[in-house]
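In what follows, chains carry the letters A, B, and so on, assigned in the order in which the sequence lines appear, proteins first and then strands, with residues in each chain numbered from 1.
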There are 2 protein chains.
Amino acid sequence: MLVYFIHKEIRLYERETWSALAEPNRLQIVELLRDGALTVDEIAKRLGLRQPQVSKHLRALSDSGLVEVHPSANRRIYKLLPQPYLELNDWIHSFQTIWEGRLERLDDYLCDFSKKNNS
Amino acid sequence: MLVYFIHKEIRLYERETWSALAEPNRLQIVELLRDGALTVDEIAKRLGLRQPQVSKHLRALSDSGLVEVHPSANRRIYKLLPQPYLELNDWIHSFQTIWEGRLERLDDYLCDFSKKNNS
DNA sequence: AGGGAATATTCCTGTCAAGGAATATTAGGG
DNA sequence: CCCTAATATTCCTTGACAGGAATATTCCCT
């Protein structure tokens, strides 16, 4: 249970995850894939994007380990991989003390380092 | 309790959150602030960054609603805001079916739309 | 008021990534 | 084996953004 608070232990997982999701179209793709695997064309159609850009975004998502592809005949079917979301979940939980408002009063701490700072 | 699974309802919160955290130095700043509020100089010192860049990053984080500043004399003390982490947590949980492997078998679904696609 | 510390801002430059358009690749079907 | 659909890749241009350096600002203190 205490595991969430030992945030020193939390893996500094692939930073790429963040930049991969920072691109709005890629985030949309990911949210689309949440409901199930899709082909490139299908994604392009639903999001109103052109096929090459979708391919490129999927490439980025794939490189960051966010999605997985498995070919089926002519098509390539993309689906989400669970790993990054697990890691994200861990990371977010390392902030639990923040969102639970348990670090509200830090003024003592601040006085501390401001004294140490007067070197 | 079911709230985590109704991902249609989840707010498409500020997309800025992602790009704000995509910058490695900003992510480090956030992870640093997890342990408590800090001044600009303190952050700069600990991360080995120059003060102006830290100020700029804090500006970005502030604009995205990730951090909050309250002045104290000469200094400005930055601390994390809980809101974005709550939202991120919700978002991540909307992928719970993924990481729990409950969407493994989607092949039927795929056959579905590939038929529909033959227009 | 003036000086200095802490912080913010501006300007500049280089880099990187996204979209558009065209083209290459791959795989099935006749 | 060619044709076509589905997908990937390349080249190009453009915009956003990060860092460096210098400067502006803010605020306390005497």
Side-chain angles (χ1 to χ4, degrees), chain A residues 14-30 32-33 37-64 66-79 110-111 113-119, chain B residues 15-30 32-33 37-64 66-79 110-119:
Chain A
E14 306 303 320
R15 311 285 185 150
E16 312 170 51
T17 308
W18 295 106
S19 43
L21 294 173
E23 213 290 319
N25 288 324
R26 276 197 297 264
L27 186 58
Q28 274 196 279
I29 291 178
V30 165
L32 200 52
L33 292 179
L38 289 174
T39 66
V40 179
D41 264 356
E42 196 59 27
I43 296 172
K45 196 186 305 174
R46 299 203 191 180
L47 296 185
L49 301 175
R50 298 169 203 268
Q51 174 268 318
Q53 334 301 338
V54 174
S55 275
K56 284 187 253 186
H57 284 312
L58 286 169
R59 166 77 155 170
L61 290 171
S62 176
D63 286 347
S64 328
L66 282 161
V67 304
E68 181 188 51
V69 55
H70 54 101
S72 156
N74 223 357
R75 326 238 167 130
R76 315 195 73 204
I77 295 161
Y78 286 88
K79 62 184 283 197
L110 291 174
C111 290
F113 78 70
S114 70
K115 266 180 296 184
K116 275 185 295 186
N117 226 9
N118 287 344
S119 50
Chain B
R15 311 284 186 150
E16 312 170 51
T17 307
W18 295 106
S19 44
L21 294 173
E23 213 290 319
N25 287 326
R26 276 196 298 264
L27 186 58
Q28 274 196 279
I29 291 177
V30 165
L32 199 52
L33 292 179
L38 288 176
T39 65
V40 179
D41 263 357
E42 195 59 26
I43 296 172
K45 196 185 306 172
R46 298 202 192 180
L47 296 185
L49 302 174
R50 297 168 204 268
Q51 174 268 318
Q53 334 300 339
V54 174
S55 275
K56 285 188 252 187
H57 284 312
L58 286 169
R59 166 78 156 171
L61 291 172
S62 176
D63 287 346
S64 329
L66 282 161
V67 303
E68 180 188 51
V69 56
H70 54 100
S72 156
N74 223 356
R75 326 235 166 131
R76 314 196 74 204
I77 295 161
Y78 286 88
K79 61 184 284 195
L110 291 174
C111 289
D112 256 20
F113 77 71
S114 70
K115 267 180 296 185
K116 275 185 295 186
N117 227 9
N118 286 345
S119 50

TODO: Check the distance between C/dT7's P and B/K45's NZ and give it to me in whole angstrom.
DONE: 10 Å
Task: Interatomic distance, B/T39 atom OG1 to B/L58 atom CG [nearest 0.5 angstrom] - done: 9.5 Å
TODO: Not counting sequence neighbours, which residues clear side-chain contact (heavy atoms from CB on, under 4.5 Å) with A/A60? List them please.
DONE: A/R26
Pick out the pairs of N or O atoms, protein on one side and nucleotides 9-14 of chain D on the other, that lie under 3.5 Å.
from: D/dT10; atom 1: O4; to: A/K56; atom 2: NZ; distance (Å): 3.3

Open item on the list: From CZ of A/R50 over to C1' of D/dA8, roughly how many Å is that when rounded to an integer?
Closed with: 17 Å
TODO: Classify every nucleotide of nucleotides 25-30 of chain C by which part a protein heavy atom approaches to under 4.0 Å, writing B for the base, S for the sugar-phosphate alone and - for neither, in 5'-to-3' order.
DONE: -BBS--
Task: Value in whole Å for how far the P atom of C/dA18 lies from CG of A/L21 - done: 12 Å
- [ ] Round to a whole Å and report the spacing from CG of B/D41 to P of C/dA6.
- [x] 6 Å
Using a cutoff of under 3.5 Å, can you pull out all pairs of nitrogen or oxygen atoms linking the protein to nucleotides 13-16 of chain C, with atom names and distances?
none

TODO: Please determine if a side-chain N or O atom of A/Y78 lies less than 4.0 Å away from the OP1 or OP2 oxygen of D/dA8.
DONE: yes
Open item on the list: Rounded to whole Å, please give me the gap between CG in A/L61 and C1' in C/dA17.
Closed with: 14 Å
- [ ] Mark yes or no for whether A/S72, through its side chain, and A/R75, through its backbone, hold a donor-acceptor pair below 3.5 Å.
- [x] no
Open item on the list: Please report the interatomic distance CD(B/E23) to CD(B/Q28), rounded to the nearest 0.5 Å.
Closed with: 9.5 Å
- [ ] In whole angstrom, give the distance that lies between atom CD of B/E23 and atom C1' of D/dC17.
- [x] 9 Å
Open item on the list: Rounded to whole Å, please give me the gap between NE2 in A/H57 and P in D/dT7.
Closed with: 16 Å
Task: Counterpart residues, side chain to side chain donor-acceptor pair (under 3.5 Å), relative to B/R76 (two or more places apart) - done: none
Task: A/R59: partners by side-chain contact (heavy atoms from CB on, under 4.5 Å), with sequence neighbours left out - done: A/D63
Task: Listed nucleotide nearest any side-chain atom of A/T39, set D/dT7, C/dA6, D/dA18 - done: D/dT7
- [ ] List the atom of B/S62, the atom of B/V67, and the distance in Å for their closest heavy-atom pair.
- [x] N-CG2, 3.6 Å
Open item on the list: Rounding to an integer number of Å, can you tell me how far B/L49 CG sits from D/dA21 P?
Closed with: 14 Å
Open item on the list: Can you list everything that forms a side-chain contact (heavy atoms from CB on, under 4.5 Å) with A/L49? Sequence neighbours excluded, please.
Closed with: A/N25, A/L47, A/V54
- [ ] Find the distance between CZ (A/R50) and CD (A/Q53) and round it off to the nearest 0.5 Å.
- [x] 7.0 Å
- [ ] Taking side-chain contact (heavy atoms from CB on, under 4.5 Å) as the test, write out the residues that go with B/A22, two or more places apart.
- [x] A/W18, A/S19, A/A22
Task: By side chain to side chain donor-acceptor pair (under 3.5 Å) - contacts of B/E68 (at least two apart) - done: none
TODO: With DNA chain C as reference, determine whether B/L58 or A/A60 sits nearer its 5' end, using the nearest nucleotide of each.
DONE: B/L58
TODO: Under the side chain to side chain donor-acceptor pair (under 3.5 Å) rule, collect the residues that match up with B/S55, sequence neighbours excluded.
DONE: B/Q51
Open item on the list: Between B/R76 and C/dT7, is there a contact of a side-chain N or O with OP1 or OP2 at under 4.0 Å?
Closed with: no
